[in-house]
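For reference, the structure is listed below as structure tokens.
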Amino acid sequence: LISGHASLVNDQVFVSDVFEVEDVDVSTGDIVYDGNVMVKGNVRSGFLVKANGNIDVNGVVEGAKLISEGDIVIKRGIQGMGKADLQAKGNVVAKFIENATVEAGGFVRTDAVLHSRVSAKGDIEVDGKKGFITGGVVRSTNLISAKSIGSPMGTATVIEVGVDPILKERLQVMEREIAESEKIISTAKPVVIAFGKRMGAGEKMSRDQLARAQMLQRTIDENEKRIIKNCKEVEEIRGLLELETEATVRVRSNLYPGTQITISDVSYFVKDNMGFCRFTKEQGEVKWHSM
């Protein structure tokens, strides 16, 4: 009658929408479940946990991939080793996030973010005893709040608010595709022009040479159309970035040089030690205010 995990309890078949496992490792393999997943221990590197519900991990997530239609909660944190990839349509809560990529359709709550890419449609709040963001890129539509951002060593740290992170990623993809198309055209066009000059001079071309010239011309035409399409989308996204926003970056203690704060389409580069301040976008500029 229902989808779930069947088990024998006191001589009766019991069906639960929660799949429980001690650890996710070679003994279990990947887990794909049509419900909630509860991991009592750790999720080891190289494994996948995918759930149509929530994913709860009582231990540590290593360089693994977690995909949830709901929330992801990691009680002991993420030691991603540059490989961890967490995607939740809901919220992400973790003790700490280290060397990982995290995407949330809701909010993100954690005690610390270290050398990671974290994006959320909701707020990102880095609270707790440490409460720091150091290294990497952290993006939120509305608010990023932390005790400290950057590090005394000047670690490059990018903080972005004011636009849906998915739109920001899309803009970067479009700009890369435009650059790639322009490179293809710049390589193919001289060859086609040279073919045209030779034919104009009366030189006879073989069937293979003509086919190659036609193929290169089609490639040029396709990429020119792609550039027009992508440029239109880039303009639309940039138009959204230019709009005024109430998005805020809040620093409750220390803000270090090496940090870049971007609100929509404008950036502020921190050159001196600051603290106890917040940043907003006003009249097309990033402004800082004392707290």
Side-chain angles (χ1 to χ4, degrees), residues 17-24 31-33 35-45 47-149 157 159-161 164-166 169 247-253:
D17 67 347
V18 179
F19 182 84
E20 294 188 4
V21 63
E22 287 298 326
D23 292 298
V24 178
I31 293 176
V32 179
Y33 187 64
N36 302 318
V37 174
M38 165 65 76
V39 182
K40 296 179 181 179
N42 306 312
V43 181
R44 301 299 184 186
S45 292
F47 291 94
L48 166 71
V49 179
K50 185 176 181 180
N52 280 342
N54 301 327
I55 299 174
D56 289 274
V57 181
N58 286 338
V60 173
V61 172
E62 296 179 354
K65 185 167 188 175
L66 276 63
I67 303 173
S68 169
E69 292 292 312
D71 300 335
I72 297 177
V73 178
I74 316 295
K75 290 186 179 176
R76 287 188 57 198
I78 307 164
Q79 293 175 337
M81 298 175 283
K83 299 176 182 177
D85 183 5
L86 279 71
Q87 302 169 25
K89 288 194 175 177
N91 309 312
V92 174
V93 179
K95 183 67 177 173
F96 62 88
I97 301 171
E98 180 180 343
N99 291 303
T101 298
V102 175
E103 298 177 12
F107 63 72
V108 172
R109 300 281 187 277
T110 184
D111 284 2
V113 177
L114 184 64
H115 301 299
S116 296
R117 296 181 65 87
V118 180
S119 64
K121 284 192 175 183
D123 299 345
I124 296 177
E125 295 195 24
V126 186
D127 295 313
K129 209 169 187 180
K130 296 179 179 178
F132 66 79
I133 300 172
T134 300
V137 180
V138 179
R139 291 174 172 154
S140 165
T141 306
N142 304 307
L143 169 72
I144 294 176
S145 177
K147 187 175 179 181
S148 69
I149 298 178
T157 306
I159 305 296
E160 297 183 357
V161 295
D164 186 337
I166 293 174
E169 292 282 357
T248 304
V249 175
R250 191 164 58 217
V251 186
R252 300 189 303 278
S253 184

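- Put simply, the side chain of Asp164 gets close to the backbone of Ile166: a donor and an acceptor are under 3.5 Å apart.
- For the pair Phe132 and Val126, the tightest heavy-atom approach, listed with the atom from each and the gap, is O-CG1, 3.5 Å.
- Partners of Asp17 under the salt bridge (charged side-chain N to carboxylate O under 4.0 Å, His left out) rule, at least two apart in sequence or in another chain, do not exist in this structure.
- Atom OG of residue Ser145 and atom CD1 of residue Ile124 lie 11.0 Å apart, to the nearest 0.5 angstrom.
- More than 12 non-hydrogen atoms from other residues, nucleotides or ligands lie less than 6.0 angstrom from CZ of Arg109.
- Atom CG of Leu66 sits about 4.5 Å away from atom CG of Leu86, to the nearest 0.5 Å.
- The two residues Thr157 and Gly135 come nearest to each other via the heavy atoms OG1-N, 2.9 Å.
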Show me the side-chain donor-acceptor pairs of residues 57-64 shorter than 3.5 Å, one per line, residues at least two apart or across chains.
from: Asn58; atom 1: OD1; to: Lys75; atom 2: NZ; distance (Å): 3.4
from: Glu62; atom 1: OE1; to: Ser45; atom 2: N; distance (Å): 3.3
from: Glu62; atom 1: OE2; to: Arg44; atom 2: NH1; distance (Å): 2.8

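- Here the closest non-hydrogen pair linking Asn42 and Arg76 is OD1-NH1, 4.4 Å.
- Legend: salt bridge (charged side-chain N to carboxylate O under 4.0 Å, His left out) pairs involving residues 51-60, not counting sequence neighbours: none detected.
- A donor-acceptor pair is defined here as one N or O able to donate and one able to accept, closer than 3.5 Å; no such pair exists between the side chain of Ser253 and the backbone of Ser148.
- Between Ala120 and Pro165, the shortest heavy-atom distance links the atoms O-CG, 3.4 Å.
- Residues forming a side-chain contact (heavy atoms from CB on, under 4.5 Å) with Ile67 (at least two apart in sequence, or on another chain): Leu48, Lys50, Lys65, Gln87.
- In this structure the side chain of Asn99 never reaches within 4.5 angstrom of the side chain of Met81, judged on heavy atoms.
- Judged by distance alone, with hydrogens and angles left aside, the side-chain atoms of Asp71 form a donor-acceptor pair with the main-chain N or O of Asn91 at under 3.5 Å.
- Lys121 places no side-chain N or O within donor-acceptor distance of the main-chain N or O of Thr141, the cut-off being under 3.5 Å.
- Among Ile144, Ile133, Ile149, Ile159, the single residue meeting the side-chain contact (heavy atoms from CB on, under 4.5 Å) criterion with Val251 is Ile149.
- The two atoms that bring Gly80 and Ala100 nearest to each other are CA-CB, 4.4 Å, heavy atoms only.
- Residues in residues 134-144 take part in these salt bridge (charged side-chain N to carboxylate O under 4.0 Å, His left out) pairs, two or more places apart or across chains: Arg139-Glu160, Arg139-Glu169.
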Practice task
Take Val102 and Ile78, measure what side-chain contact (heavy atoms from CB on, under 4.5 Å) needs, and give me the verdict at the end.
Solution key: CA-CA 10 Å; Val102 175; Ile78 307 164; 4.2 Å; yes

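- When all heavy atoms of Ala104 and Val92 are compared, the closest pair comes out as CB-CG2, 3.9 Å.
- Distance alone, capped at 3.5 Å, is enough to place a donor-acceptor pair between the Ser68 side chain and the Gly53 backbone.
- Considering only heavy atoms from C-beta on, Met38 stays 4.5 Å or farther from Asn36 through its side chain.
- Side-chain contact check for Phe96 versus Ile74: every heavy-atom pair is 4.5 Å or farther apart.
- Annotation: salt bridge (charged side-chain N to carboxylate O under 4.0 Å, His left out) contacts involving residues 87-107, sequence neighbours excluded, comprise Glu69-Lys89, Lys95-Asp111.
- The one candidate from Val108, Leu114, Val138 that meets the side-chain contact (heavy atoms from CB on, under 4.5 Å) condition with Ile97 is Val108.
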